[in-house]
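Report on the following structure.
Chain naming here is simple, since letters A, B, ... match the order of the sequence lines and numbering starts at 1 in each.
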Amino acid sequence: MARITLPDGSTLEAADGTTAGQLAEQIGPGLAKAAVAAKVNGKLVDLSTPLDGEVAVQIITTRDDEGLEVMRHSCAHIMAEAICSIWPETKLVYGPTVEDGFYYDVDLDESVRPSDFERIEEKMSEIIDADTPFVRKEMNRADALEKLAGDKYKTDNITHADGDIISFYSHGDGFEDLCRGPHVPSTGKVGSPRVMSVAGAYWHGDPTQKMLQRIYGTAWPTKRDLDDYLQRLDEAKKRDHRVLGKQLDLFSFNEAGPGFAFVHHKGMIIWNAIVDFWRGVHDRYGYEEIRTPIILNEELWHRSGHWDNYKENMYFTNFDDTDFAIKPMNCPGGCLVYKTRQHSYREFPMRVAELGLVHRHEASGVMHGLFRVRQFTQDDAHIFCTPDQIEAEIIGVIELTFEIYQAFGFEDFHIELSTKPEKHIGSDEIWETATNALEDALKQKEIEYKINEGDGAFYGPKIDFHIRDCLKRSWQLGTIQLDFSMPERFGLEYTDKDNIEKTPVMIHRAVLGSFERFIGILIEHYGANFPLWLSPEQVRILPISEKSNDYAGQVERRLKDSHLRCSIDSSGEKIGAKIAKAHAEKLPYMLVVGPREAQAGTVNVRIHGIKENKTIKIDEFLTIAKCIIAEKKIDLAL
RNA sequence: GCCGAUGUAGCUCAAUGGUAGAGCACAGCUUUCGUAAAGCUGAGGUUGUGGGUUCGACUCCCACCAUCGGCUCCA
């Protein structure tokens, strides 16, 4: 007899060898129908798994994330069979699930094209309609290796597998694949799939290895879920900062400078609003601000260690028979400023900010709108301090960072700690001290963090800040990097209490990371419906007809006197057309004015996205708008 | 950098080897209008760049450039 405990705590008895699937049937036909796998004593298994003894069992359906993953993984097998049936010479490599779907890497000389997707999907439908069972077969490692002799990919997969028991899954007409499982009971249980895209991917992610073809797919429990997903993708596409940036005249790119953004007037208004805010906060946190040159002698970059560790990403130039480098980072320039005079411990901590324009030669295939460019402005700062000030300084930076993120409505963020990379300067001892200092600060603030081994900057370990936007996508923004090496290399000094010259500690940090990238993130986060304080044009005045243009002019003057960014739509269009146009341009406020308003000294306010409108005095509107700007409110309601 | 796809008017897209077209936007005229797009007329293109095949190329071939989707890398 198997004694089974269910998730609700109830217990059941069943004959030994009863399968998890049969148990589901015993509980209810609805559950049995929805079941795709089971969890036995916390381990995810097939429904065909027999139950013995005292076990805790949970039936997994596609309502569970794990069930959805099982379903998608099974779907990957089905897609693999479809691909193999179309291209029999296909060698299968690896087919895991990813967020919202799955992929399968294949080694196939002929290119799979988007035009082939329909064919693949048709074949998948046949396999799904046939509803044949997934069958698990186990053998020991040696037998499995023998069975797969000559298949370098699957043999390699076995060497990465744990345990001595290797499993294979088959379905349909003899399609079989090495796989840990579990899988749905039969091919009819994989819901609504779709082949999404194809791309190249290196075997093991290693550029020296063969480029495989990675075919991406997705699968959802029902057709409706699939449609919702496709709709969601469509929504995300509408928020694409590259599309909105062009549409709203914020920035552009040109073939003349791939990866170099042209920021337009409206983009600069957003940029400058962020800079103003940023300066205010930094001033309050005790920062000074400097600006260092973009082009500096190449020798400087030998000394800093960039030549040995960062040369591949740097631009160089030569004039007057001298070699120069275009700065990829601001720190060496900051060190030169530090060295222009002597320093005392009494000045510390010295927080020196710089909105530094840096150039990094990124590989041609990685550029992506404003998110990945070759020239960008870092909101950088270097803090010079004594070793015993490190922890307090790190904590101060964390507090400042959180304050800035919250102003933009980012509430969901997490932190990662990156440790010593292969390419680095400085001794292991220094690295350990620095890494411990960062960890201590995080522990002190009781902040949870994830560790990324070997992901630090070449001169020191770092803390990275990641935020999630409104579509739950994660972005890296800020970073704090602790550096004991560069001050040493540049011979930085300060006179300590005991009258001895010592080397200061340097903390590199950025909060927004890059202005370009941050503005790109903001565009997608807000869907270009910016809060009033960031909106390039805050108010548009819409006269009913040309007869009201004079009054519109008076209103405009009042708004401009209050430093509101506004314009008048004096085109010959009808009011409906003016509203539609302002709406398309994502204007926060539209002020409709006609003879009635002119008579009463009022404006009729219409808020972006809201059909209702409200007539109020100009003064009242000004007071409210100024308050919404000052408080950086996201809600535009009057 | 690697694999694949794409590149036609300011924008979104048609035109499958035989004179390059539409909608929106733009300009002019008419309309002077009360809350999500009035009407008419017009202008606008060396089809990414350079070569090749052909009587003839947006269309077929080659190279390059850029962009897009990924991989590696990364703020």
Within the sub-3.5 Å range, which N or O atoms of nucleotides 61-68 of chain B have a protein N or O partner, and how far apart are they?
| from | atom 1 | to | atom 2 | distance (Å) |
| --- | --- | --- | --- | --- |
| B:C68 | OP1 | A:Arg242 | NH1 | 3.0 |

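- B:A22 and B:A14: their C1' atoms are spaced 7 Å apart (whole Å).
- Within 6.0 Å of the CZ atom in A:Arg291, the count of heavy atoms belonging to other residues, nucleotides or ligands does not exceed 12.
- With values rounded to the nearest 0.5 angstrom, A:Ile575 atom CD1 is found 8.0 Å from A:Asp569 atom CG.
- Nearest to the side chain of A:Lys246, among B:A38, B:C11, B:G1, sits B:C11.
- Regarding A:Gln209, its CD atom lies at a distance of 15 Å from the P atom of B:C3, rounded to whole Å.
- Side-chain contact check for A:Asp379 and A:His282: no donor-acceptor pair (N or O, by modelled atom type) lies under 3.5 Å.
- As judged by a 4.0 angstrom heavy-atom cut-off over every strand, A:Gly576 is placed among residues touching the sugar-phosphate backbone only.
- A salt bridge is absent between A:Arg119 and A:Glu122: the closest approach of a Lys/Arg side-chain nitrogen to an acidic carboxylate oxygen does not fall below 4.0 angstrom.
- In this structure, A:Asp249 atom CG and B:C26 atom P are separated by 13 Å, rounded to whole Å.
- Remark: B:C74 base-pairs with no nucleotide; criterion is Watson-Crick or G-U wobble with both hydrogen-bond distances under 3.5 Å.
- As rounded to the nearest Å, B:U8 and B:A66 have C1' atoms that lie 16 Å from one another.
- Comparing B:G56 with B:G4, their P atoms sit 32 Å apart, to the nearest whole Å.
- Between the C1' atom of B:C74 and the CD atom of A:Gln375 lies a distance of 17 Å, rounded to the nearest Å.
- Contact of A:Asp206 with B:U72 (side chain to base): no donor-acceptor pair of N or O atoms is detected under 3.5 Å.
- Residue-to-nucleotide proximity on RNA chain B shows that, of A:His361 and A:Glu516, the 5′-proximal contact is made by A:His361.
- Atoms CD and SG, on A:Gln481 and A:Cys331 in that order, are 8.0 Å from each other to the nearest 0.5 Å.
- Heavy-atom distances to RNA chain B give each of A:Leu370 and A:Ala199 a nearest nucleotide, and the one nearer the 5′ end belongs to A:Ala199.
- Rounded to the nearest Å, the gap between the C1' atom of B:G28 and that of B:A75 is 50 Å.
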Please write out each protein N/O paired with an N/O of nucleotides 28-32 of chain B under 3.5 Å, distance rounded to 0.1 Å.
| from | atom 1 | to | atom 2 | distance (Å) |
| --- | --- | --- | --- | --- |
| B:U32 | O2' | A:Lys547 | NZ | 3.3 |
| B:U32 | O2 | A:Glu546 | N | 3.0 |
| B:U32 | N3 | A:Glu546 | OE2 | 3.3 |
| B:U32 | O4 | A:Glu546 | OE2 | 3.0 |

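- For the residue pair A:Lys581 / A:Ser571, no side-chain donor-acceptor distance below 3.5 Å is found, with atom types taken as modelled.
- For the pair A:Glu585 CD and B:A37 P, the computed distance is 15 Å after rounding to whole Å.
- B:G42: Watson-Crick or G-U partner is B:C26, with both key distances under 3.5 Å.
- The residues A:Glu289 and A:Arg279 are annotated as salt-bridged, a charged nitrogen and a carboxylate oxygen being separated by less than 4.0 angstrom.
- Across all strands shown, B:U49 is found opposite B:A63 as a Watson-Crick or G-U wobble partner, with both distances under 3.5 Å.
- For A:Tyr202 against B:G1, a side-chain-to-base donor-acceptor contact under 3.5 Å is present.
- As rounded to whole Å, 12 Å separates atom P of B:C33 from atom CD1 of A:Ile575.
- Rounding to the nearest 0.5 Å places CG of A:Asp455 at 6.0 Å from NZ of A:Lys462.
- B:G39 and B:U32 are spaced 14 Å apart, taking the C1' atom of each and rounding to whole Å.
- For A:Glu597, counting side-chain heavy atoms from C-beta on, the closest listed nucleotide (B:G34, B:G70, B:C74) is B:G34.
- Separating the CG atom in A:Asp380 from the CG atom in A:Leu357 is a distance of 12.0 Å, to the nearest 0.5 Å.
- A straight line from CG of A:Leu477 to P of B:C74 spans 17 Å, rounded to a whole angstrom.
- Among the heavy atoms of the strands lying under 4.0 Å from A:Ile579 is at least one base atom, whether or not backbone atoms are also near.
- Contact annotation for A:Gly205: backbone-only contact, meaning every heavy-atom pair under 4.0 Å involves sugar-phosphate atoms and none involves a base.
- Minimum heavy-atom separation, A:Glu362 to A:Val373: CG-O, 3.7 Å.
- Residue contacts shown for A:Val373 include a base, since a base heavy atom lies under 4.0 Å away.
- Taking atom CD of residue A:Gln476 and atom C1' of nucleotide B:C73, one finds them 13 Å apart after rounding to whole Å.
- Taking atom P in both B:U19 and B:G1, the straight-line distance is 40 Å, to the nearest Å.
- The side-chain ring of A:Tyr216 is not stacked on the base of B:G70, judged by centre separation under 5.5 angstrom and plane angle under 30 degrees.
- Spacing of P atoms, B:A57 relative to B:G17, comes out at 14 Å, to the nearest Å.
- Counting any heavy atom pair closer than 4.0 Å across all strands shown, A:Arg372 reaches a base atom.
- At the heavy-atom level, A:Glu362 lies under 4.0 Å from base atoms of the strands shown.
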A:Trp278 and A:Tyr287: ring-ring contact (aromatic ring centres under 6.0 Å, His included), yes or no, with the steps? CA-CA 11 Å; A:Trp278 185 93; A:Tyr287 282 78; 7.6 Å; no

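- Using Watson-Crick or G-U wobble geometry with both donor-acceptor distances under 3.5 Å, B:G69 finds its partner in B:C3.
- Counting only N and O atoms by type, the side chains of A:Thr419 and A:Glu453 include a donor and acceptor under 3.5 Å apart.
- Note: A:Trp301 and A:Tyr310 fail the aromatic proximity criterion, with ring centroids not under 6.0 Å apart.
- Base pairing analysis places B:A9 opposite nothing; no Watson-Crick or G-U wobble pair with both distances below 3.5 Å involves it.
- Listed pair A:Lys462 / B:A75 meets the phosphate criterion, a side-chain N or O lying under 4.0 Å from OP1 or OP2.
- Using a 4.0 Å cut-off between a side-chain N of Lys or Arg and a carboxylate O of Asp or Glu, A:Asp100 and A:Arg194 do not qualify as a salt bridge.
- Annotation: cation-pi pair A:Arg72/A:Phe102 absent, no NZ/CZ under 6.0 Å from the ring centroid and within 45° of its normal.
- Within residues 112-121 of chain A, the residues that have a heavy atom under 4.0 Å from RNA chain B are, in order of number, A:Arg113.
- If you check B:A57 for Watson-Crick or wobble pairing at under 3.5 angstrom, you find it has no partner at all.
- Nucleic acid contact class of A:Gln247 (heavy atoms, under 4.0 Å, all strands): none.
- Separation of the C1' atoms belonging to B:C64 and B:U6 is 16 Å when rounded to the nearest angstrom.
- Rounded to whole angstrom, the span from the CG atom of A:Asp105 across to the P atom of B:C3 amounts to 16 Å.
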